[in-house]
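So the structure is just underneath, and the comments pick up after that.
Chain letters run A, B, ... following the sequence lines, proteins first, then strands; residues in each count from 1.
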Amino acid sequence: MTYYGMAIDLGRCVGCQACAAACKVANNLPKNIAYNVVYTKTDHDWDGPFGTAVARGAVANDNAGGTFPDCVLEFLPMQCQHCEDPSCLRVCPTGATKKREDGIVWVDSNLCVGCSACIMACPYEGVRTLEKERPEYYLDVVVGEYDAPVHEAGIVEKCTFCKNLIDRGQEPACMQLCLARARFWGDLDDPGSAVSQAIEGRAYRKLREKAGTKPSVYYLLPPERKG
Amino acid sequence: MTDTALSQSRGLSRRSFIKGAAALSAAGLLTGCSPQAPDLAKTGEPAPETKIYSGACRAQCIQGCYLDVHVRDGQVVRTTAGRLPEPEYERICPKGLTQVARVYSSERLQYPLRRVGERGKGEFERISWDEAIQEIADKWKGYIDEFGPESIVYFVGSGNCALLGGGTADGSVLQRLRQVTGASNITTDRDMAVIDRLGKVFGYGGWGNIPTDFVNAKTFVIWGANPVVSEKQHTHFILDARDAGARVIDIDIAYNTVSSKADWFIPVHPATDGALALGAIREVLDQGWQDVEFLRSHTEAPFLIKEDGTYLRMSDLGVEPSTTVNAQGKTVVVNPCVVWDEEAQAAVSVREAAKPALEGVTAVGDFAVKTVYDIIVESVADWTVERASEVSGVPADDIRGLARAYALDGPVTTYAQYGLNHYNNGTYNYGPVFALVLITGNMGKQGAGCGIHSVSLAGNSAGCLAAPSSTGEKPQGGGRNINWNQLYPIVKSGTKLGEPFVLKSLYASCTNPLCANTEHLETVALFKELEFIVVQEMTMTETARYADILLPACHWFEAVDLRQRAYNYPYLIWNEKAIEPLYESKSDFEIYKLIAEALGYGEFFDFTEEEYVERWLDSPAVAASEVTLERLKEEKAVRFKAQEIGFKGGVFGTDTGRARFYQEKVVPDHNIGQVVDPEKERTFLYWEPALEADLASPLRDRFPFTVCSEHMRTRTHSQWWDVGYLAEFEPYPIARLNPEDAMELGIADGDKVRLYNDRGDVTMIAALNAGQQRKSVHCPRSWQDIEFLGGNLSDLTFNDYNQACANQAYNDVAVAIEKL
């Protein structure tokens, strides 16, 4: 049985934003929608606030915390965690939120009425967008995949795990291409998959597990510094 | 848990200024297209076909990423990383991933334009290609007739690193155009301190080891570089080395992203790296850790210096020089240097010595001498660890620790790129660092490399430039070089070093000097003074706005080309034409040919794109790598044979084959009438402070802060300025300030601040960053003038060069800061 998941190596992520940029273009995302945000984080409290991001109103990315030269600077890429027991699924009144057998959680734009229940129920703030206005785009041409998600006012959008690409044998757009080699994706049920291999033997965290939603994204913890 | 707005605006920038110009670019032209793809599930239409074309990023970030260009219905829709036989070299970044936004940018120039308003205002009228080319030819022919071909000067930029469309690409068609027309040339004088010192210390050849060798290092020192931003595709190789057990040491003026991945961060005061290295050398020598065998066999340390400062040679001992023929077929004189052979207990030719002495030689025959090694010892005599600590701010114990790492925890790879370059004392910082590398023997071995990476394939560039015309005529050769900072004085005075030099016209292709160069206000004055400016561009940049004739060049995906000049991976990339040039734009190649024909030089450009590429491929190195046009067209990305270890085995690229610490003759790389003190240049273990960036500079009383203009993650030089997607990461110019400094000035995160000195000012947004040391500000560069809230970051910088190295010192800047 295939069950998709992702691993992100926090010891390697350098906040380059390639995953975020790839997501924007492949999914033809409008200006105000980002499925994938890379936060700058100035602490090691992985269950705490995600951090700051220009895409979420910060003045700038990449600024360290602490006191020079004893600084803290980490990066946390965030998107839908494609939970095994998603709270969004439980609260959706119309059946628009769906979960596939392979673990992908998605929103059917034909059924979504924009009630925001999923947004309220999700333990991970900011991974969903409900656009009130007609979306605006950077370009006047259509970009991305021909079957990119539909973007309309009044429906909730979030990371689809690029199920359109997965279903034709390709990788999610954010896997294209991590220059730090920090992102891994694949079948968690296959011990030989890239994601299973990446997790093997590594200390990891899943974020906000107390919410009980069993997320499918594994955050591999940075190695100890040699000093 | 609702979403917040993306990329808040922090105040009105002057972008609105160019809305007039937008009417002349592509803004609004494409409106009417639906920004949404049709829902095929609803329409029942079959999935459209997506064709993949080979492409490459051709900006001068050195990464040269091989891209798959996705085209649907004749339109580029997406870019992804192309697949390579070696997956470790597959590469892309946010810039490569958003190329589609450059292709369909609202700032694209659509058709040739003639200036109608004031220079720089961006007021133009549309003209035809015939009119544009005719006007250029008429003007230039007139200048050539009256003042000679050197009255036209080219600024050959790095904005398109390809053979056909390229500027600085080796053997490019633009360079050939200059050779054929005899125009003079602007030496851009960038990044020259590192190149100067690498060349003088190690000699020429491939500096540094191939990135796949990083993993062999036991200690990996990143010295003044933030590769995860400015040389991104090295990132995973460095992390691989760390995860394989290498200790990563990061020496920098700020705690940045790569510092956060390092094992040990060593903060250093701006532009004092040379002092730090001299202190470390002193510690190495005090501890007796120097690599004596390496110094004896692979460096000029045992060479004997006479009282007149020149080396003792065999001719001094009565042995007549002989001659030989070198690899280039030139007859050269052989007159070897003399060393004292400890085994033979005699002064012998370095070529015959079994065990050259490093110390203890005071006279040979009638000559009083000392060794180069003696000079090294003398040079660090005053550089106690304590003094180095005082100057550099690095605690003494950390300097000792660094020395220990270099001497005892090798092999050490020294990843020193351009970070120390951009100061007036750039050469004096690199020299001691490179000396430390040599004294500890960390060069020419697996896991022990140093220097900017030059993985490249030597094509027939000389042949491309010198090839005769189809009627057998030879190109007249390019005109003289003009240092960038002399251009304005020459234009104003009509003289160069007291001799008449009339300069009437400037041709800028693949470049945006108004954005990229120091002392911006002087550049503006220059561009107002010039009589006739031709700019060839993709978008309405600041430089484009100063053009008299503005020629629209197409995007890289709209013409075939050969991507070369990717210095850090061993592939040549064939760029296919993925779509037709948009609007009336033409390829750079076609434009160069049109200009040549109009000037009467058409027979020098009587070749097709592929014929020119084949000419460039006609070289021994290319043949040895079995790269052919056919293979390029078939495979798109072709591996070539690259040097893996720089100066392998300690065989250096100098005339003696040995690395140097000392030069007999001081020859500055430029002559602008400056006075040169040779004592500063004699050894490479000399250090003096930067002019303004140094904490002790007297200027710092009035201007307490120094500004490092760091690379942006989302631009290469000024390219990608028009890409909205990337503004979600870096939306506007910022000044990263130490929080304590900010508090003292009453500045909060997001406040408007003004940075100023006697040369100019700039207004931007403050961003508090604990990664800044006190009194040191980092400002991402590459913004166009209209993106600042006022002034320009480059208004703050100066245009003066080091006495022996023509090098723009972008970061040697002192400013005061005020909250607005």
- Task: Apply salt bridge (Lys or Arg N to Asp or Glu O under 4.0 Å) to B:Asp250 and list each qualifying residue two or more places apart in sequence or on a separate chain.
- Result: none
- Query: Is any NZ, NE, NH1 or NH2 atom of the basic residue among B:Asp243 and A:Arg181 found under 4.0 Å from an Asp or Glu carboxylate oxygen of the other?
  - Reply: no
- Task: Against chain A, work out which of B:Thr235, B:Val248, B:Leu239 has the most heavy-atom pairs shorter than 4.5 Å and name it.
- Result: B:Leu239
- Item | Interchain contact, B:Arg774 with chain A, by part (heavy-atom threshold 4.5 Å) | neither
- Please state whether the side chain, the backbone, both or neither of A:Pro149 comes within less than 4.5 Å of a heavy atom of chain B. backbone
- Task: Provide the closest heavy-atom pair for A:Phe68 versus B:Tyr255 in the form atom of the first, atom of the second, distance.
- Result: CE1-N, 3.7 Å
- Query: Can you name the closest pair of heavy atoms from A:Val25 and B:Leu97 and give their distance?
  - Reply: CG2-O, 3.5 Å
- Query: Which region of B:Gln772, side chain (C-beta onward) or backbone (N, CA, C, O), has a non-hydrogen atom less than 4.5 Å from a non-hydrogen atom of chain A, or is it both or neither?
  - Reply: backbone
- Which of A:Asn28, A:Asn61, A:Asp62 touches chain B most, by non-hydrogen pairs under 4.5 Å: A:Asp62
- Does A:Cys13 offer a backbone N or O that forms a donor-acceptor pair with the side chain of B:Lys261 under 3.5 Å? yes
- Could you look at B:Ser259 and say if it's the side chain, the backbone, both or neither that has a heavy atom under 4.5 Å from chain A? backbone
- Would a 4.5 Å heavy-atom cut-off, applied to side chains only, mark B:Arg83 and A:Leu177 as touching? yes
- A:Phe75 ring centre to B:Arg713 NZ or CZ under 6.0 Å, with the angle to the axis within 45°? yes
- Query: Does the side chain of B:Glu45 pick up a donor-acceptor pair with the side chain of A:Tyr146 at under 3.5 Å?
  - Reply: no
- Where on B:Gln75 is there a heavy atom nearer than 4.5 Å to chain A: the side chain, the backbone, both, or neither? side chain
- Between the main-chain N or O of A:Gly144 and the side-chain N or O of B:Arg72, is there a donor-acceptor pair closer than 3.5 Å? yes
- What part of B:Pro87 lies closer than 4.5 angstrom to a heavy atom of chain A: side chain, backbone, both or neither? backbone
- Message: Would you compute the distance between atom CG of B:Asp722 and atom OH of A:Tyr138 and round it to the nearest 0.5 angstrom?
- Response: 13.0 Å
- Note: B:Thr80 and A:Gln176 closest approach over all heavy atoms is CB-OE1, 3.2 Å
- Does any heavy atom of chain A fall under 4.5 Å from the side chain of B:Gln233, the backbone, both, or neither of them? side chain
- Item | Choice from B:Ile249, B:Asn738, B:Ile266, B:Asp240 maximising heavy atom contacts with chain A below 4.5 Å | B:Asp240
- Message: Can you tell me which of A:Gly227, A:Ala180, A:Pro69 forms the most heavy-atom pairs within a distance under 4.5 Å of chain B?
- Response: A:Gly227
- In sequence, state the C-alpha distance, the side-chain angles, and the governing distance for A:Arg56 and B:Glu728, and then conclude on side-chain contact (heavy atoms from CB on, under 4.5 Å). CA-CA 9 Å; A:Arg56 295 289 180 256; B:Glu728 292 188 15; over 6 Å; no
- Does a side-chain heavy-atom distance below 4.5 Å link A:Leu179 with B:His236? no
- If only atom types and distance count, is the side chain of A:Arg225 paired as donor or acceptor with the main-chain N or O of B:Ala262 below 3.5 Å? yes
- Task: To the nearest 0.5 angstrom, please state how far the OG1 atom of A:Thr52 sits from the CG atom of B:Asp749.
- Result: 8.5 Å
- Note on the structure: Taking every heavy atom of B:Val77 against every heavy atom of A:Val143, the minimum-distance pair comes out as O-CB, 3.4 Å
- Message: How about OH on A:Tyr204, more than 12 heavy atoms from neighbouring residues, nucleotides or ligands closer than 6.0 Å, or not?
- Response: no
- Would you confirm whether B:Tyr732, through its side chain, and A:Val59, through its main-chain N or O, come within 3.5 Å as a donor-acceptor pair? yes
- Task: Report yes if the side chains of A:Val54 and B:Phe729 come closer than 4.5 Å at any heavy-atom pair, otherwise no.
- Result: no
- Note on the structure: Heavy-atom closest pair (B:Ala770 atom, A:Gly66 atom, distance to 0.1 Å) is CB-O, 3.1 Å
- Item | A:Glu136 atom CD, over 12 foreign heavy atoms within 6.0 Å | no
- Could you look at A:Glu131 and say if it's the side chain, the backbone, both or neither that has a heavy atom under 4.5 Å from chain B? neither
- Message: Do A:Leu139 and B:Tyr725 have side chains that approach each other closer than 4.5 Å (heavy atoms only, starting at C-beta)?
- Response: yes
- The interface call for A:Glu145 against chain B, heavy-atom contacts under 4.5 Å, is both
- Can you say whether A:Ala173 sits under 4.5 Å from chain B via the side chain, the backbone, both, or neither, judging by heavy atoms? both
- Message: Need one label for B:Ile734: side chain, backbone, both or neither, based on atoms under 4.5 Å from any heavy atom in chain A.
- Response: side chain
- Note on the structure: Filtered by a 4.5 Å non-hydrogen cutoff, the part of residues 15-23 of chain A contacting chain B is A:Gly15, A:Cys16, A:Gln17, A:Ala18, A:Ala20, A:Ala21, A:Ala22
- Where on A:Asp147 is there a heavy atom nearer than 4.5 Å to chain B: the side chain, the backbone, both, or neither? neither
- Nearest atoms (heavy-atom pairs only) where B:Arg247 meets A:Lys226: CA-CD, 4.0 Å
- Residue from B:Arg736, B:Lys232, B:Arg91, B:His70 scoring the most non-hydrogen pairs under 4.5 Å with chain A is B:Arg736
- Message: Counting heavy-atom pairs closer than 4.5 Å to chain B, which one of A:Val150, A:Val72, A:Thr42 comes out on top?
- Response: A:Val150
- Query: chain B: which of A:Ala53, A:Cys178, A:Pro223 shares the most heavy-atom pairs with it under 4.5 Å?
  - Reply: A:Pro223
- Item | A:Asn110 versus chain B, the contacting section by heavy-atom distance below 4.5 Å | side chain
- Item | Residue B:Leu768 versus chain A: region with a heavy atom under 4.5 Å | backbone
- Message: Heavy-atom pairs under 4.5 Å with chain A: which of B:Ala766, B:Cys93, B:Pro48 has the most?
- Response: B:Pro48
